[in-house]
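When a ligand or atom number is given, it counts from 1 through the structure's own listing order. Computed over heavy atoms, backbone and side chain alike; hydrogens, waters and symmetry mates excluded.
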Amino acid sequence: MAQVPIDPGLYTSDPQAPQLVGSRCNDCGEVTFPKQDSCPSCTGSATEEVLLARRGKLWTFTIQRFPPPVPPFKGEPESFTPFGVGYVELAEGLRVESRLTESDPDKLAIGMDMELVLEKFMEAENGDEVTTFAFRPVV
Ligand SMILES: [Zn+2]
């Protein structure tokens with residue numbers, strides 16, 4: 001069984017130390033995720049790929065208690081379990097929308113330290129494990 005990323009351009013797939021793939025503008029320094037070919041801040045096109053910090057702080061969050069609409073949701077609605085969703089502010093200053101590994105709101109707090117992990121999203125038809133990224137509280 002292989003692990004395959006849900007999108008090959010979103011993150012590096014080292015299960016011990018995954019990193020999100022973003023881009024930095026060489027003109028104004030704006031960092032974006034996912035990576036972009038042109039800068040949303042100054043519209044320049046001199047962007048380069050950068051690997052983002054693995055840790056950040058929880059900026060805000062909510063708990064997704066029902067399946068998102070199918071499409072675009074790619075999961076299986078019948079096996080849906082609630083999960084946390086939040087924005088994590090990275091050292092680079094950008095806020096990344098992400099799944100959270102924790103779905104109990106009592107165990108989440110705005111401002112807490114979070115780190116990037118990969119988790120199983122679904123099983124592909126060939127048995128491969130499709131991963132997605134998520135942030136988990138640093139304990
Ligand atoms: Zn720029």
(Q) For D37, I'd like to know if atom CG has over 12 heavy atoms of other residues, nucleotides or ligands within 6.0 Å. (A)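 Count not over threshold, so no.
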Q: Flag yes if more than 12 heavy atoms outside R95 fall under 6.0 Å of its CZ atom; otherwise flag no.
A: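 Yes - once you tally the heavy atoms of other residues, nucleotides and ligands closer than 6.0 Å, there are more than 12.
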**Q.** With E30 via salt bridge (charged side-chain N to carboxylate O under 4.0 Å, His left out) - residues at least two apart
**A.**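 Here no residue qualifies.
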**Q.** Atom of S23, atom of K35 and distance for their closest heavy-atom approach
**A.**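 Closest approach of S23 to K35: OG-CA, 3.4 Å.
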Q. What is the number of protein N, O or S atoms that sit under 2.8 Å away from the Zn ion (ligand 1)?
A.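 Atoms of protein N, O or S type lying less than 2.8 Å from the Zn ion (ligand 1) total 4.
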Q.
Return the OG1 to CZ distance between T62 and F83, rounded to the nearest 0.5 Å.
A.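 Here the rounded value is 10.5 Å.
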Q. Do F33 and F133 have ring centroids that are under 6.0 Å from one another?
A.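 Under 6.0 Å, so yes.
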